[in-house]
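Worksheet for the structure shown next.
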Amino acid sequence: MIGNAVKIMRIATGEEADDVIDDGKDPAAKALGAKGGKKRAENMTPERRAEIARKAAESRWGKK
């Protein structure tokens with residue numbers, strides 16, 4: 001924890017460069033992907049959303 005604080009201090013004072021890690025994904029595609037799930041849920045009926053949630057719970061908890 002202290003090491004991270006020292007690193008932040010060095011970046012803030014300019015002693016060390018702030019290296020941004022590139023994950024190789026297009027920022028625009030990431031933004032659209034984040035919107036996709038909400039849009040999909042808006043277009044579904046409440047019954048369909050409940051069915052998907054039920055399947056997820058069964059899969060998660062092993063209840064069949």
Side-chain angles (χ1 to χ4, degrees):
M1 186 185 311
I2 294 172
N4 285 336
V6 171
K7 182 170 181 76
I8 292 170
M9 185 253 331
R10 287 184 178 157
I11 291 170
T13 59
E15 292 177 37
E16 193 172 319
D18 185 14
D19 298 329
V20 178
I21 299 172
D22 183 17
D23 61 1
K25 296 180 182 176
D26 181 19
K30 287 170 48 176
L32 285 174
K35 294 179 184 178
K38 289 180 184 179
K39 190 65 172 175
R40 180 175 178 242
E42 287 174 5
N43 292 330
M44 276 190 226
T45 64
E47 292 82 14
R48 178 67 177 137
R49 286 196 309 271
E51 179 185 344
I52 291 170
R54 190 172 21 263
K55 283 183 179 181
E58 288 173 357
S59 175
R60 186 180 307 120
W61 302 108
K63 299 176 184 174
K64 293 186 179 184

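- The CZ atom of R49 sits 11.0 Å away from atom CZ of R40, with the distance rounded to the nearest 0.5 Å.
- Pairs engaging residues 28-38 under the side chain to side chain donor-acceptor pair (under 3.5 Å) rule: D23-K30 [sequence neighbours left out].
- Under a hydrophobic-cluster definition in which Ile, Leu, Val, Met, Phe, Trp and Tyr are linked whenever side-chain heavy atoms come within less than 4.5 Å, directly or via other members, I8 and I2 are assigned to different clusters.
- Taking a cutoff of 4.0 Å between a charged side-chain nitrogen and a carboxylate oxygen, E51 and R48 qualify as a salt bridge.
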